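Please read these numbers as outputs of a predicted model, since none were measured by experiment.
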Amino acid sequence: MELLQNPFHILSATTRDSRQRIIELAQEANLLSDTDECDTARDILIHPKKRIDAEVAWLPGFDVFDTDKVLKQLKSPDEQLLHIIEPTHIALANILVSGLSRLPNPTADTCVDWILAIAKAAEAIDPETIRTTFNADRSSAGFPQINDMTTIEEAIHTQKKYYRTIITVVMEKIDVIERTQMMTTVVEKAIGNQISRCPPLIDDLVTSYEYSVKQTLENKQQLIEAQDKQIRDTFNINFSEYTLTQTVDQLIDTVKAWDTIAQPIQLSKRSRGERHNESFKIAAQCRDLAAALFLEQKNYDIACKIINMLQDVFAEVPELLEYIKTFAQDLEQQVSFIKQLDMFERIKTQTEDIEKVVDAQGSNYLLAPLITELIQTVKTWDTSAPVEANSTVAIVVRNTALHLWNEHLKLDEATKITETLIEVFLNPSKVDSEVANRLTLDRATLMKLSSLQLRSEQPRSEQPRSGDTGCLYQIIFIIIALIAVLLQGC
């Protein structure tokens with residue numbers, strides 16, 4: 001019941017007026033107002049049982065002066081009403097609801113504070129306190145006491161339904177998009193950081209909101225299913241990466257739009273410890289699509305894009321978020337593993353290409369870029385991989401370095417590759433001890449060979465003297481010995 005339509009207001013009566021005084025006030029009001037309205041108001045107030053609804057919808061605890069002051073404020077309501085010091089919670093709730101219904105230009109921002117204040121006051125309403133207040137007034141007015149709590153509780157329930165109706169009517173005056181954001185803000189502030197239970201009135205509003213957006217959510221859910229099918233249909237078609245990315249982006253936009261509308265519902269259910277089944281359904285559908293993109297299409301980037309979207313979108317659903325995070329971690333590990341496999345295959349191909357060129361007596365012009373490319377690839381290898389994987393890569397590349405020297409005496413090239421392996425895998429060690437020892441020995445051997453080569457080199461125009469023949473033979477024997485050492489290290 002609305003304050004300015006309350007029988008007490010129509011007759012200008014108080015809760016302490018006697019039956020005779022109410023009849024007199026009705027007779028006076030008939031001279032200035034609608035007779036039927038005044039007679040109906042009189043009949044309600046002089047009837048002990050009918051009177052309860054009017055008492056609950058009025059201002060119990062207010063004196064005449066304060067009542068007149070509040071009623072005047074309601075004719076041009078503003079935020080001052082939000083700061084009234086209430087004598088009773090039911091009176092405050094009645095004032096705030098009347099004030100909200102009379103706001104000239106309600107906006108999403110202003111309504112949030114009003115709705116929260118009404119919900120807080122409504123939640124604090126205590127039937128026993130109200131009965132005590134009513135009985136005190138009835139004792140003064142000469143009306144029978146209220147002994148049955150059921151009648152008061154029923155009247156309070158009816159009044160709270162009125163609160164919800166008024167708030168819903170005001171909300172419908174606000175743009176749909178702003179209304180959704182307003183409901184989200186209301187629920188977020190109501191549950192707080194500690195995720196307290198929503199006040200019952202807020203839960204009731206969310207229920208009304210859920211009903212009002214049900215068709216919109218269903219339409220978007222059907223669109224998500226259609227977009228999911230469209231993406232899966234591309235698996236059997238030679239679809240361009242650009243087109244696939246566009247379609248996935250459209251799906252992501254639709255899921256985000258659906259979640260924006262569903263957020264107040266998700267939050268409300270979360271505060272009650274309930275599960276929002278529709279959120280789980282959509283998340284599972286998108287997760288399955290990501291898995292299919294990963295496993296069937298080897299499209300790691302787009303699969304991860306969908307999973308990252310799910311983690312962002314369903315952040316306010318903890319049990320669902322934990323489920324998505326677990327899947328995301330598994331996917332990330334698998335993606336990392338497969339990418340490492342791809343890189344390992346690339347390294348193997350590069351080493352094979354190098355050996356083919358050098359075995360075919362290819363020129364340094366062809367060999368140099370291949371070695372540079374191999375070195376760059378090795379430097380990008382993720383050494384956080386298991387030691388076994390790192391050791392395998394190191395051995396494959398090391399074998400190519402040995403081949404360059406042992407078979408073709410390509411000392412500089414073998415040294416560059418070996419130094420790269422030392423840099424990537426040994427500081428600190430990312431390979432097993434046996435491989436680490438071999439790499440260390442390789443570098444020492446190649447450094448000695450390089451030093452001997454420098455000492456043995458002479459200008460081309462200078463011919464060796466006969467006295468130098470023995471020294472030259474010594475150098476050759478040393479080189480042969482070092483080669484033997486190197487081969488033994490293999």
Side-chain angles (χ1 to χ4, degrees), residues 1-3 56-62 70 73-74 77-103 106-130 152-174 178-213 261-274 276 316:
M1 186 183 300
E2 212 276 338
L3 270 176
V56 167
W58 190 233
L59 301 173
F62 273 73
V70 166
Q73 280 184 279
L74 284 176
D78 55 33
E79 292 185 1
Q80 289 183 358
L81 287 174
L82 294 171
H83 305 293
I84 287 179
I85 299 175
E86 75 285 355
T88 59
H89 294 293
I90 186 97
L92 177 60
N94 293 337
I95 292 168
L96 293 176
V97 169
S98 291
L100 176 63
S101 69
R102 286 177 168 73
L103 287 178
T107 64
D109 290 339
T110 57
C111 285
V112 167
D113 292 336
W114 285 84
I115 292 171
L116 290 171
I118 293 168
K120 182 179 179 181
E123 186 178 25
I125 293 172
D126 176 42
E128 183 59 45
T129 300
I130 291 176
I152 289 185
E153 289 170 350
E154 289 175 350
I156 292 172
H157 179 71
T158 300
Q159 187 66 1
K160 287 183 177 181
K161 285 177 64 177
Y162 167 73
Y163 298 161
R164 185 178 67 189
T165 300
I166 292 298
I167 294 172
T168 302
V169 169
V170 173
M171 285 173 55
E172 288 175 351
K173 298 178 183 178
I174 300 170
E178 291 185 355
R179 190 192 317 161
T180 296
Q181 183 57 52
M182 181 188 74
M183 278 305 305
T184 302
T185 304
V186 166
V187 178
E188 286 177 341
K189 289 189 174 184
I191 64 179
N193 294 331
Q194 303 301 319
I195 315 298
S196 304
R197 174 70 184 264
C198 262
L201 179 60
I202 301 295
D203 277 337
D204 289 343
L205 290 175
V206 173
T207 300
S208 298
Y209 169 81
E210 184 176 9
Y211 179 79
S212 70
V213 299
I261 298 171
Q263 273 194 14
I265 307 167
Q266 294 167 344
L267 290 167
S268 176
K269 285 186 174 293
R270 178 186 176 188
S271 77
R272 300 197 300 270
E274 298 177 6
H276 188 232
E316 66 281 351

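Between Pro264 and Val186, every side-chain heavy-atom pair lies at or beyond the 4.5 Å cut-off. Residues Pro60 and Ile90 have side chains in contact (heavy-atom distance under 4.5 Å, counting atoms from C-beta outward). In this structure the side chain of Leu103 never reaches within 4.5 angstrom of the side chain of Val170, judged on heavy atoms. Using a 4.5 Å heavy-atom cutoff, the side chains of Thr129 and Thr88 are not in contact. Looking at heavy atoms from C-beta onward, Tyr209 lies in side-chain contact with Ile265 at the 4.5 angstrom threshold.
The structure places CG of Leu3 at 5.0 Å from CG of Leu59, a figure rounded to the nearest 0.5 Å. To the nearest 0.5 Å, the span separating NZ on Lys160 from OH on Tyr163 amounts to 8.0 Å.
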Under 3.5 Å donor-acceptor pairs involving side-chain atoms of residues 201-208, not counting sequence neighbours:
| unit_1 | atom_1 | unit_2 | atom_2 | d |
| --- | --- | --- | --- | --- |
| Asp203 | OD1 | Ser268 | OG | 2.7 |
| Asp203 | OD1 | Arg272 | NH1 | 3.1 |
| Asp203 | OD2 | Arg197 | NE | 3.4 |
| Thr207 | OG1 | Asp203 | O | 3.0 |
| Ser208 | OG | Asp204 | O | 3.3 |

Please list every donor-acceptor pair under 3.5 Å in which a side-chain atom of residues 108-123 meets a protein atom from a residue at least two apart or in another chain.
| unit_1 | atom_1 | unit_2 | atom_2 | d |
| --- | --- | --- | --- | --- |
| Thr110 | OG1 | Thr107 | N | 3.1 |
| Thr110 | OG1 | Thr107 | O | 3.0 |
| Thr110 | OG1 | Thr107 | OG1 | 3.0 |

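Evaluation of the side-chain hydrogen bond (donor to acceptor under 3.5 Å, both in side chains) rule for Ser212 yields no partner, not counting sequence neighbours. By the side-chain hydrogen bond (donor to acceptor under 3.5 Å, both in side chains) test, Gln73 is found to be paired with no residue, residues two or more places apart in sequence or in another chain being considered. With sequence neighbours excluded, no residue forms a side-chain hydrogen bond (donor to acceptor under 3.5 Å, both in side chains) with Thr184. For Ser98, the side-chain hydrogen bond (donor to acceptor under 3.5 Å, both in side chains) criterion is met by Glu2, not counting sequence neighbours.
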